[in-house]
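All figures in this text were calculated on a predicted structure; none of them were measured in a lab.
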Amino acid sequence: PRYKCGISKACPEKHFAFKMASGAANVVGPKICVEDNILMSGVKNNVGRGINVALVNGKTGEPLDTKFFDMWGGDVAPFIEFLKSIQDGTIVLMGTYDDGATKLNEEARKLIAELGSTSITNLGFRDNWVFCGGKGIKTKSPFEQHIKNNKDTNKYEGWPEVVEMEGCIPQKQD
């Protein structure tokens, strides 16, 4: 049988299936899928260098927005404004591509940590990172993968291997 987003098992009732991957070096963009909807991918041509973000309604699973923020050559201020504008109950999925950390400052890291991330404080130059959290959750998200950029273990010259993650996100209950 085929499950939503191609994940390995069916999700229980009142859960949303998701699968995501970080970018590969500076060649292949990240991919984010929720409930069989590919929200972001190189094929859709809506990904970019830095941190790629997809927002999903936590009650309905409907896609709300997708954006990417260049954290190498760009400015962190629009990213901070975007993070502050996310409504309570929104599922937030993030994946890095190329470099997602150079321009991150303390404020941006704190806002991402408030979505449930624990790795964001250690995210460094060209690290690969995928994360799924939520606005208004009071716990640390179980959905996070992080691989450090390390010249001794990197799969590609100058970049670590792709990180992939799949799972079932609990639907927001009233």
Side-chain angles (χ1 to χ4, degrees), residues 1-69 82-83 86-98 100 112-120 122-123 126-149 153-156 159-174:
R2 188 195 172 284
Y3 302 111
K4 288 179 181 169
C5 293
I7 68 172
S8 52
K9 63 182 189 347
C11 287
E13 212 180 314
K14 294 192 179 350
H15 283 70
F16 303 121
F18 81 95
K19 187 173 192 171
M20 57 196 300
S22 67
N26 59 348
V27 183
V28 179
K31 188 170 175 182
I32 299 176
C33 176
V34 177
E35 284 292 285
D36 249 2
N37 287 327
I38 294 170
L39 304 181
M40 299 187 84
S41 72
V43 174
K44 289 190 75 150
N45 201 26
N46 66 346
V47 295
R49 175 171 75 180
I51 296 181
N52 291 261
V53 188
L55 302 181
V56 174
N57 182 308
K59 284 188 179 145
T60 65
E62 289 300 306
L64 299 171
D65 200 1
T66 59
K67 281 196 171 30
F68 60 88
F69 298 90
F82 179 78
L83 291 169
I86 299 170
Q87 301 297 307
D88 263 21
T90 303
I91 297 165
V92 183
L93 303 101
M94 296 186 181
T96 54
Y97 179 31
D98 191 331
I112 295 168
E114 286 170 4
L115 299 170
S117 171
T118 48
S119 298
I120 193 63
N122 306 315
L123 192 68
R126 286 190 181 171
D127 288 2
N128 271 341
W129 174 69
V130 288
F131 164 70
C132 173
K135 181 74 174 231
I137 63 170
K138 301 287 178 262
T139 54
K140 295 297 173 208
S141 171
F143 302 122
E144 189 166 33
Q145 300 281 330
H146 178 210
I147 297 182
K148 289 301 265 178
N149 172 18
T153 57
N154 282 348
K155 185 170 179 182
Y156 309 105
W159 278 276
E161 65 186 290
V162 169
V163 279
E164 290 185 288
M165 182 172 65
E166 66 174 48
C168 302
I169 306 161
Q171 183 181 9
K172 181 169 171 42
Q173 305 302 315
D174 288 325

Exercise for the section: Step through the shown structure and confirm whether more than 12 heavy atoms of other residues, nucleotides or ligands are within 6.0 Å of NZ on Lys135. Expected result: yes

Problem - Enclosure of Asn45 CG (heavy-atom neighbours >12, cutoff 6.0 Å) - result: no

Of the non-hydrogen atoms in [X] and [Y], which two are nearest, and what is the gap between them?
X      : Y      : answer
Ala17  : Cys5   : O-SG, 4.1 Å
Cys11  : Gly167 : SG-O, 3.9 Å
Lys148 : Pro160 : O-CB, 3.7 Å
Ile7   : Lys19  : CG2-CB, 3.9 Å
Val92  : Met94  : CG1-CE, 3.7 Å
Gln173 : Lys14  : NE2-CD, 3.6 Å

Say you draw a straight line from [atom1] of [X] to [atom2] of [Y]; how long is it, rounded to the nearest 0.5 Å?
X      : Y      : atom1 : atom2 : result
Arg126 : Asp98  : CZ    : CG    : 6.0 Å
Thr118 : Ile112 : OG1   : CD1   : 12.5 Å
Glu35  : Ile169 : CD    : CD1   : 8.5 Å
Leu115 : Leu83  : CG    : CG    : 6.5 Å
Ser119 : Lys140 : OG    : NZ    : 10.5 Å
Phe131 : Glu144 : CZ    : CD    : 5.5 Å

Problem - From Asn128, Asn154, Asp127, residue fulfilling side chain to side chain donor-acceptor pair (under 3.5 Å) relative to Asn149 - result: Asn154

Just wondering, do [Y] and [X] contact through their side chains at under 4.5 Å, heavy atoms?
X      : Y      : answer
Thr66  : Ile32  : no
Val162 : Lys31  : no
Thr96  : Leu123 : yes
Tyr97  : Phe68  : no
Phe16  : Ile91  : yes
Ser8   : Glu166 : yes
Met20  : Met40  : no

Has the side chain of [X] got a donor or acceptor atom that lies under 3.5 Å from a matching backbone atom of [Y]?
X      : Y      : value
Asn37  : Leu39  : no
Lys138 : Gly136 : yes
Asn46  : Ser41  : yes

Exercise for the section: Go through the steps to decide whether Asp65 and Phe82 satisfy the test side-chain contact (heavy atoms from CB on, under 4.5 Å), and finish with yes or no. Expected result: CA-CA 11 Å; Asp65 200 1; Phe82 179 78; 3.5 Å; yes

Practice task
Please work out which of the three classes, parallel, tilted or perpendicular, describes the rings of Phe143 and Phe18, given edges at 30° and 60°.
Solution key: perpendicular

Exercise for the section: Evaluate side-chain contact (heavy atoms from CB on, under 4.5 Å) for Leu93 paired with Met165, printing each intermediate quantity in order. Expected result: CA-CA 11 Å; Leu93 303 101; Met165 182 172 65; over 6 Å; no

